[in-house]
Amino acid sequence: MAFLYFLGMNVGILIIIFIILHKILLYCVYYIWVCIMNQILVTELKPRNSRQQKLKKILKLQFYFSIIFIIILSSIITYKTVSLYKKEKYSSQILNNYNITKLYSDIPSGKLSNFNENVENSHIIGIIEIPKINVYYPVFTTYDDELLKISPCKFYGPQPGKIGNLCIAGHNYDNGKFFSNIIHLTENDEIIITNNSNKKFSYFVFDIYEVKSDDLSPVYSYNKNLKLLTLITCNNLNNNRIIVKAYKK
């Protein structure tokens, strides 16, 4: 699973990492070749001239720095991978606890003495599901930087199915998780919001576009008579915001 997260990292970053590792590999091969050649020269020419000794020292330093760089780079990638995995796992755990709570919601509370109600459940408005891109996450009722790392959050607007503009923000992890693939949605694609009463509300996409990070018009400019849904995520290439607009029929 962690390897899949790594493959899903930003393509540009992966290309840069590949180029750097390729150059490091060339340095290592060249250093080994020079060492072998110097060893041959040592047996034939004694003492070695100062130029060869200086070149060998430089190559040795480059080799050591390359090893250190590889270790640091590997540590950063591992940290990012583990961090993303933990967030995704925690989001799945919250979703599982939320579903369990809904399953027992019709049972009188007096019969649930052994059931510990999940605290997070009271802070979730429901579940967002987008079949086309395999999105299925709980949605927090409030927008918070820490919560946003775990799952999509309600940014603005009414409860699901009500008149107004329900805005939901989610991180773009560029790996098929959270809202990274909403850019691939097209007109009339379905987005389903299931509230805490198990009632489903279907919204259908009618517009997809980008705005600057400080442009809040997708949130506050809308037809006040419609039941709208707005999904918001980042475009990591240009720092714009990707907006998906949908309406309830």
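Since the structure is predicted, the reported quantities are computational estimates derived from the model, not experimental observations. The figures here come from the full heavy-atom set of this structure, side chains too, leaving out hydrogens, waters and symmetry mates.
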K.L.:
Can you measure from CG (N196) to CD (Q159) and round to the nearest 0.5 angstrom?
P.N.:
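Between N196 CG and Q159 CD, I get 8.0 Å after rounding to 0.5 Å.
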K.L.:
May I have the list of side-chain donor-acceptor pairs in residues 240-249 shorter than 3.5 Å, sequence neighbours left out?
P.N.:
from	atom 1	to	atom 2	distance (Å)
N240	ND2	E210	OE1	3.3
R241	NH1	N239	O	3.1
K245	NZ	P218	O	2.6
K245	NZ	T230	OG1	2.9

K.L.:
Is I208 close to L185 at the side-chain level, that is, under 4.5 Å between some pair of heavy atoms?
P.N.:
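The answer is yes; the side chains approach within 4.5 Å.
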K.L.:
Can you tell me how far the CD1 atom of I232 sits from the OH atom of Y156, to the nearest 0.5 Å?
P.N.:
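Result: 11.0 Å between the selected atoms.
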K.L.:
Rounded to the nearest 0.5 Å, what's the gap from CG on L228 to OH on Y203? Could you check?
P.N.:
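Separation between the atoms: 8.5 Å.
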K.L.:
Just one of N235, T233, I183 clears the side-chain contact (heavy atoms from CB on, under 4.5 Å) bar with N172, so which one?
P.N.:
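One option only clears the test, and that one is T233.
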K.L.:
Could you list the residues that satisfy side chain to side chain donor-acceptor pair (under 3.5 Å) with E190, not counting sequence neighbours?
P.N.:
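Per chain and number, E190 pairs via side chain to side chain donor-acceptor pair (under 3.5 Å) with S202.
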K.L.:
Taking the side chain as everything from C-beta on, heavy atoms only, tell me whether F201 gets closer than 4.5 Å to I192.
P.N.:
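No, their side chains stay 4.5 Å or more apart.
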K.L.:
Under a single-linkage definition using a 4.5 Å side-chain heavy-atom cutoff for Ile, Leu, Val, Met, Phe, Trp and Tyr, are L226 and F155 assigned to the same hydrophobic cluster?
P.N.:
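Yes; tracing contacts between hydrophobic side chains, which count when under 4.5 Å, links both residues.
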K.L.:
Starting from L166, can I reach Y220 by hopping between I/L/V/M/F/W/Y residues whose side chains sit under 4.5 Å apart?
P.N.:
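Per the 4.5 Å side-chain linkage, Y220 and L166 are not co-clustered.
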K.L.:
Who pairs with D144 by side chain to side chain donor-acceptor pair (under 3.5 Å), at least two apart in sequence or on another chain?
P.N.:
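Per chain and number, D144 pairs via side chain to side chain donor-acceptor pair (under 3.5 Å) with no residue.
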K.L.:
Would you give the length of the straight line joining atom CG of N225 to atom CD1 of I163, rounded to the nearest 0.5 angstrom?
P.N.:
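The CD1 atom of I163 is 7.0 Å from CG of N225, to the nearest 0.5 Å.
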K.L.:
Is L237 reachable from V211 through a run of hydrophobic residues whose side-chain heavy atoms are each under 4.5 Å from the next?
P.N.:
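Different hydrophobic clusters.
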K.L.:
Can you list everything that forms a side chain to side chain donor-acceptor pair (under 3.5 Å) with K132? Sequence neighbours excluded, please.
P.N.:
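K132 satisfies side chain to side chain donor-acceptor pair (under 3.5 Å) with T186, D189 once adjacent residues are dropped.
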K.L.:
Give me the atom names and distance for the closest heavy-atom approach of K154 to T141.
P.N.:
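Residues K154 and T141, closest heavy atoms: CB-O, 3.7 Å.
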K.L.:
Roughly how far, to the nearest 0.5 Å, is CD of E146 from SG of C153?
P.N.:
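The distance works out to 10.5 Å.
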K.L.:
Tell me, with the steps shown, if H171 and K149 meet side chain to side chain contact (heavy atoms under 4.5 Å, CB included).
P.N.:
CA-CA 7 Å; H171 271 312; K149 295 175 183 177; 4.2 Å; yes
K.L.:
What pairs with E187 under side chain to side chain donor-acceptor pair (under 3.5 Å), at least two apart in sequence or on another chain?
P.N.:
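By the side chain to side chain donor-acceptor pair (under 3.5 Å) rule, E187 matches no residue at all.
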K.L.:
Where is the tightest heavy-atom contact between P138 and S151, given as atom of each residue plus distance?
P.N.:
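For P138 versus S151, the nearest heavy atoms are O-OG, 2.7 Å.
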K.L.:
Are F140 and I125 close enough, and set up right, to give a side chain to side chain contact (heavy atoms under 4.5 Å, CB included), and what steps lead you there?
P.N.:
CA-CA 6 Å; F140 289 111; I125 65 170; over 6 Å; no
K.L.:
Atom CG in N236, atom OG in S180: separation rounded to 0.5 Å?
P.N.:
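Rounded to the nearest 0.5 Å, the CG-OG separation comes out at 9.0 Å.
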K.L.:
Ignoring hydrogens, what is the shortest heavy-atom contact between T142 and L147? Give both atom names and the distance.
P.N.:
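Looking at all heavy atoms of both residues, the shortest contact is OG1-CD1, 3.7 Å.
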K.L.:
Side-chain contact, heavy-atom cut-off 4.5 Å: F179 with I128?
P.N.:
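Counting from C-beta outward, F179 and I128 do come under 4.5 Å.
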K.L.:
Determine, step by step, whether I182 and I133 satisfy the side chain to side chain contact (heavy atoms under 4.5 Å, CB included) criterion, reporting the C-alpha distance in whole Å, the side-chain angles of both residues, the deciding distance to 0.1 Å, and the verdict.
P.N.:
CA-CA 7 Å; I182 64 172; I133 56 175; 3.9 Å; yes
K.L.:
What are the two closest non-hydrogen atoms of A169 and Y143, and how far apart are they?
P.N.:
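Closest approach of A169 to Y143, heavy atoms only: CB-CE1, 3.9 Å.
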K.L.:
Check side chain to side chain contact (heavy atoms under 4.5 Å, CB included) between N188 and all other residues, then give those that pass, not counting sequence neighbours.
P.N.:
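Once residues adjacent in sequence are excluded, N188 has no partner under the side chain to side chain contact (heavy atoms under 4.5 Å, CB included) criterion.
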K.L.:
Write down the atom of P152, the atom of I168, and the distance for their closest heavy-atom approach.
P.N.:
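Closest approach of P152 to I168: CB-CG2, 3.8 Å.
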K.L.:
Answer whether the closest heavy-atom distance between the side chains of I130 and L231 falls below 4.5 Å.
P.N.:
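The answer is yes, as the side chains (C-beta and beyond) meet within the 4.5 Å cut-off.
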K.L.:
Anything under 30° is parallel, anything over 60° is perpendicular, the rest tilted; go ahead and classify Y173 against F178.
P.N.:
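Correct class here is tilted.
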K.L.:
Less than 4.5 Å apart, any side-chain heavy atom of I191 and any of V135?
P.N.:
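I191 vs V135: side chains apart.
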K.L.:
Look at the side-chain heavy atoms of Ile, Leu, Val, Met, Phe, Trp and Tyr, link any pair under 4.5 Å apart, and say whether L148 and I193 land in one connected group.
P.N.:
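No, L148 and I193 fall in different hydrophobic clusters.
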K.L.:
Please check if Y222 and Y209 belong to a single hydrophobic cluster, counting links between Ile, Leu, Val, Met, Phe, Trp and Tyr side chain heavy atoms closer than 4.5 Å.
P.N.:
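Both belong to a single hydrophobic cluster.
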